[in-house]
Trainee: 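Have a look at this one.
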Amino acid sequence: MCKAKVLCAILLFILTSSLHASLVAHYTFEGNTHDISGNGHHGTMAGGVSLVNDSRRGNVLDCTNGFVDIHLTVPLPAFAANTSITLAAWVKQQTKSDGSGNYNYIIQLGSNGDNPIATLNILASGGLNGYSETDQPGSNADQVAVTSSVPIEAGAPAAFADWHHLAVVYDRTTDTGYTYIDGVQSGTTDISLMDDTYGFTWANAGLGGNAGGSPYFDGLLDDVRIYDEVLDANDIADIIGTRIIDITPTSLQIDEGLSDSYVISLPQDPNQVIQISIIPEDVHLSVASGAVTGNPGEAINMTFNSSNWQTPQTVTVTAVDDGVYHEGIIRTISHSVDTIGYSPVSDVEVTIVDDDYVEGCGDWGYLPMDFNKDCYVNLGDLAEFVQEWLACTDPAGIDCSSIEEFTIIVLPDTQYYSQSYPQHFNAQTQWIVDNVDALNIKYVLHLGDITNNNNTTEFNNAKTALSTLDGVVPYALASGNHDYGPGGNASARDTLFINSSTDTPSYFGTGTAYATQPTIGGFYSAEPGQTDNSWHTFNAAGEDFLIIALEWGPRDAVVDWAETVVAAHPNHHAILITHAYMYSDETRYDWATKGASQSWNPHAYGTGSLAGGTNDGEELWQKLVKKYPNFIMTLNGHVLNDGAARLTSIGDHGNSVHQMLCNYQTGVTGSVEGGQGYLRIYTFKPDKETVDVKTYSPVLGQYKTDAQQEFTLTLSPAL
């Protein structure tokens, strides 16, 4: 849904909770120059600055012809001269200077005089620079400069011709200033001359230029952040976030004594030497890279630098045959990186297939009465048989399938995976396929914002990931605001989602693997050939279920159509998925009474003013959900903040409807790498009234266990 972007670009919002607490302003340029920190320091564009789309970073701020002037009418007395400050931004410079000064201003915090209090700049003469006034406003005599020792070439600055992350830190606890380029500290300065009594104000703060005009920054900006504390090297690395190491694939299956391999690659020049340690879990595995061969269980090292980073390196994995029978064994190869600024590396899971003979259960496999599958027939098997018999049979004769435990998987906003982290999207769907039987997964529900910018590259990535599910487990797709309009701006309802099997390329339209799933009952009848509104049915535990998947901000006629589908399936338990329904304040979106106080309401987008209308959560509740006794839950994504909310409401027929928001994308508090693959697991228990909800990342192999992410629902009435 909403991208987290800062005044000068669309970046990945990668703040830990501790960093967020000290974040004074954060500009992600999500179609505007708003401050998304929650502090309300919104910017107004001036002097020809504009928002543009960059092929690598998405929406960014183009400062080639102007600057962003942040007008703050209320001073910030706590932001005094003795306050530590960190200024950070992603930068792509076009030329070294506009010819009117020595500085290319990136961030400037204004002062009581003509000169800035604190800045982040690129020097025309070379180097990264920050400077601050001391005790004489309007005078250059007492400036304190924090200058990088890393030169920038004259003319077109080759060092910054591509995207780089720059930061300057004013540490008032030690009276020291620091500069960082791509997470590497590159300069220090004594700032003890700065006068602690000289107060900071933001009367004339600016991004991309001097608040009063030129010299402006000639280039592109993204993810601009201002903190009122010191960020150290690890903190800077956290907010850089996009410097990743790709591993493909992240799972292997190898017969004992045989080998397979995976590839490690870098997406960009590291500008430094980085070493990756590759560590097999134990002696069941040995690893090798090039000429470097490890013994079973022994770690090896792999090195990338500026001369070899463009060539992916292969790790060969051998499953050691220890001559001992294992019914099943899974081992992990972990990776660690010795360089600050790189995100954690995905682990590789290796399944070892063992065909060693074991007496009693080798050549002929499990005997028919070996109920507990331990290769022996004994009293343990009788106990297993009795337990299953008692669970599945009563005098009336109940089929075991009617009390089975089953699972529905929910995938919220994958937009940043499609844009920047396709390996995370692939990891999600591969994990689902790998666990279809173990978890008895019946359906996968995508909550919209499949892509970030509604373009072919991102839909190709999404198609690749979701096609892993084809023929294995059915799935339903809702569409999000970023799946519509040019660049995903939701100004119109055109979307690549509906590309058909006759289109090149094809995604999820008519005739595609998605649209021809046997569990899909149909699509919005008034728009033949469009597939972004659909209904699905499936049976689990002897119960029939109905999934209604509705477009972003559903139009009035679409809601009417959905009502006819639900009315035609009175004996199906109904679940609604749509992109925007619940807000993060534990209430439904309600434009009529709350308006813009709930950010990102569908009515506030371009599609909201188009013919046909639009409906938010409260309108969907009143017009559709509460009217039918078979609705059991609604699911949506889209919302940032903490990305989670729950509300249980009673419908007109006394049925409880559980309405839930979940979202882990960039911009949600604490999100890293677009969400790091977190998904929701809804497990319907055999008692038919309990649903256990958990949140898990196949990328990290970790659960979120706080009360917002792990909880139990009670269905009333029971299924």
Trainee: Short question: side chain of D246, backbone of S265 - any donor-acceptor pair under 3.5 Å?
Mentor: no
Trainee: Ignoring hydrogens and geometry, is there a side-chain-to-backbone donor-acceptor pair from N539 to E543 under 3.5 Å?
Mentor: yes
Trainee: Quick check, are the ring centers of Y696 and W431 under 6.0 angstrom apart?
Mentor: yes
Trainee: Going by atom types only, do T607 and W552 share a side-chain donor-acceptor pair under 3.5 Å?
Mentor: yes
Trainee: Any non-hydrogen side-chain atom of T33 less than 4.5 Å from a side-chain atom of H42?
Mentor: no
Trainee: If I compare all heavy atoms of H658 with all of T648, which pair ends up nearest, and what's the gap?
Mentor: ND1-OG1, 2.8 Å
Trainee: Quick check for you: to the nearest 0.5 Å, what is the distance between H424 atom NE2 and Y664 atom OH?
Mentor: 15.5 Å
Trainee: Answer whether the closest heavy-atom distance between the side chains of I548 and I575 falls below 4.5 Å.
Mentor: no
Trainee: After noting the C-alpha distance and the side-chain angles of Q423 and Y417, does the key distance pass the side-chain hydrogen bond (donor to acceptor under 3.5 Å, both in side chains) rule?
Mentor: CA-CA 7 Å; Q423 72 273 21; Y417 306 149; over 6 Å; no
Trainee: With distance as the sole criterion, is a donor-acceptor pair present between the side chains of N641 and Y583 under 3.5 Å?
Mentor: yes
Trainee: Once you measure the plane-to-plane angle for F459 and Y507, does it fall in the parallel (<30°), tilted (30-60°) or perpendicular (>60°) bin?
Mentor: tilted
Trainee: One pair to check against side-chain contact (heavy atoms from CB on, under 4.5 Å): T519 and Y443. What are the steps and the verdict?
Mentor: CA-CA 10 Å; T519 53; Y443 236 89; 2.6 Å; yes
Trainee: Short question: side chain of D503, backbone of S500 - any donor-acceptor pair under 3.5 Å?
Mentor: yes
Trainee: So which heavy atom on T429 is nearest to which on L469, and how close?
Mentor: O-CD2, 3.9 Å
Trainee: Ignoring hydrogens and geometry, is there a side-chain-to-backbone donor-acceptor pair from N499 to P505 under 3.5 Å?
Mentor: yes
Trainee: Just by distance, do the side chain of S251 and the backbone of E349 share a donor-acceptor pair under 3.5 Å?
Mentor: no
Trainee: Please walk me through it: do K594 and T587 pass side-chain hydrogen bond (donor to acceptor under 3.5 Å, both in side chains)?
Mentor: CA-CA 11 Å; K594 298 182 180 180; T587 69; 2.7 Å; yes
Trainee: Specify the closest pair of heavy atoms between H579 and L447, including all atoms of both residues, with the distance to one decimal.
Mentor: ND1-O, 2.9 Å
Trainee: Indicate yes or no for a side-chain donor-acceptor contact from T516 to the backbone of T512 under 3.5 Å, with no hydrogens or angles considered.
Mentor: yes
Trainee: Mind checking whether N461 and T457 have side chains closer than 4.5 Å, heavy atoms only?
Mentor: yes
Trainee: With a 4.5 Å cut-off on side-chain heavy atoms, are N630 and H573 touching?
Mentor: no
Trainee: Run T495 and I498 through side-chain contact (heavy atoms from CB on, under 4.5 Å) and show every step you take.
Mentor: CA-CA 6 Å; T495 173; I498 62 175; 4.2 Å; yes
Trainee: Which heavy atom of A515 sits nearest to which heavy atom of G511, and what is that distance?
Mentor: CB-N, 4.1 Å
Trainee: Any donor-acceptor pair under 3.5 Å linking the side chain of N455 with the backbone of E458?
Mentor: yes
Trainee: Show, in sequence, the C-alpha distance, side-chain angles and deciding distance for M660 and L647, and conclude whether the side-chain contact (heavy atoms from CB on, under 4.5 Å) test is met.
Mentor: CA-CA 7 Å; M660 288 158 283; L647 174 67; over 6 Å; no
Trainee: Find the distance between CG (L51) and CG (N489) and round it off to the nearest 0.5 Å.
Mentor: 11.5 Å
Trainee: Tell me whether S491 contacts the main-chain N or O of G606 through its side chain, where contact means a donor paired with an acceptor under 3.5 Å.
Mentor: no
Trainee: Is it the case that D687 and T690 place a side-chain donor and acceptor less than 3.5 Å from each other?
Mentor: yes
Trainee: Which atom pair, heavy atoms only, marks the closest approach of C662 to P412?
Mentor: O-CB, 3.2 Å
Trainee: Below 6.0 angstrom between ring centroids: does that apply to W600 and Y589?
Mentor: no
Trainee: Quick one: do D532 and Y484 satisfy side-chain hydrogen bond (donor to acceptor under 3.5 Å, both in side chains)? Show the steps, please.
Mentor: CA-CA 11 Å; D532 48 347; Y484 290 98; 2.7 Å; yes
Trainee: Could you verify whether a donor N or O on one side chain and an acceptor N or O on the other, from Q665 and N663, lie under 3.5 Å apart?
Mentor: yes
Trainee: Which pair of heavy atoms, one from P474 and one from K442, lies closest together, and at what distance?
Mentor: CG-O, 3.3 Å
Trainee: Between CG of N435 and CD1 of I409, what distance do you get to the nearest 0.5 Å?
Mentor: 8.0 Å
Trainee: N454 and D483: side-chain donor and acceptor closer than 3.5 Å?
Mentor: no
Trainee: Between Y475 and Y514, is a ring pair (Phe, Tyr, Trp, His ring centres under 6.0 Å) present by the stated rule, with each step listed?
Mentor: CA-CA 8 Å; Y475 54 105; Y514 168 71; 5.3 Å; yes
Trainee: Nearest 0.5 Å, what's the CD-OG1 distance between Q702 and T705?
Mentor: 10.0 Å
Trainee: Pair N615, D556 - check side-chain hydrogen bond (donor to acceptor under 3.5 Å, both in side chains), show working.
Mentor: CA-CA 7 Å; N615 287 270; D556 294 336; 2.9 Å; yes
Trainee: Looking just at side-chain N and O atoms, do Q430 and D434 make a donor-acceptor pair shorter than 3.5 Å?
Mentor: yes
Trainee: Please tell me if the side chains of F684 and L715 come closer than 4.5 Å, counting only heavy atoms from C-beta onward.
Mentor: yes
Trainee: Between F631 and L576, is a side-chain contact (heavy atoms from CB on, under 4.5 Å) present by the stated rule, with each step listed?
Mentor: CA-CA 8 Å; F631 266 111; L576 171 67; 3.9 Å; yes
Trainee: For this output row, return yes or no: ring centroids of H572 and F545 closer than 6.0 angstrom.
Mentor: no
Trainee: Is there side-chain contact between I681 and T695, with heavy atoms separated by less than 4.5 Å?
Mentor: no
Trainee: Between the side chains of Y678 and Q428, is a donor N or O closer than 3.5 angstrom to an acceptor N or O?
Mentor: no
Trainee: Is it true that the NZ or CZ of R646 lies under 6.0 Å from the centre of F711's six-membered ring and within 45 degrees of the ring axis?
Mentor: yes
Trainee: Salt bridge (charged side-chain N to carboxylate O under 4.0 Å, His left out) between D652 and K626: does it pass, once the steps are laid out?
Mentor: CA-CA 6 Å; D652 290 346; K626 78 165 189 170; 3.8 Å; yes
Trainee: Mind running salt bridge (charged side-chain N to carboxylate O under 4.0 Å, His left out) on E710 and K694 for me, showing each step along the way?
Mentor: CA-CA 5 Å; E710 183 174 318; K694 293 187 177 182; 5.1 Å; no
Trainee: For D413 and Q415, indicate whether the former's side chain and the latter's backbone hold a donor-acceptor pair under 3.5 Å.
Mentor: no
Trainee: If you measure only the distance, is there a donor-acceptor pair under 3.5 Å linking the side chains of N440 and T407?
Mentor: no
Trainee: Once you round to the nearest 0.5 Å, how far does OG of S716 lie from CG of N655?
Mentor: 8.5 Å
Trainee: Under a 3.5 Å distance rule, please check whether S697 uses its side chain to pair with a backbone N or O of Q676 as donor and acceptor.
Mentor: yes
Trainee: Can you see whether E551 engages N533 through a side-chain donor-acceptor pair at a distance of less than 3.5 angstrom?
Mentor: yes
Trainee: Do D590 and Q598 have side-chain atoms, one donor and one acceptor, less than 3.5 Å apart?
Mentor: no
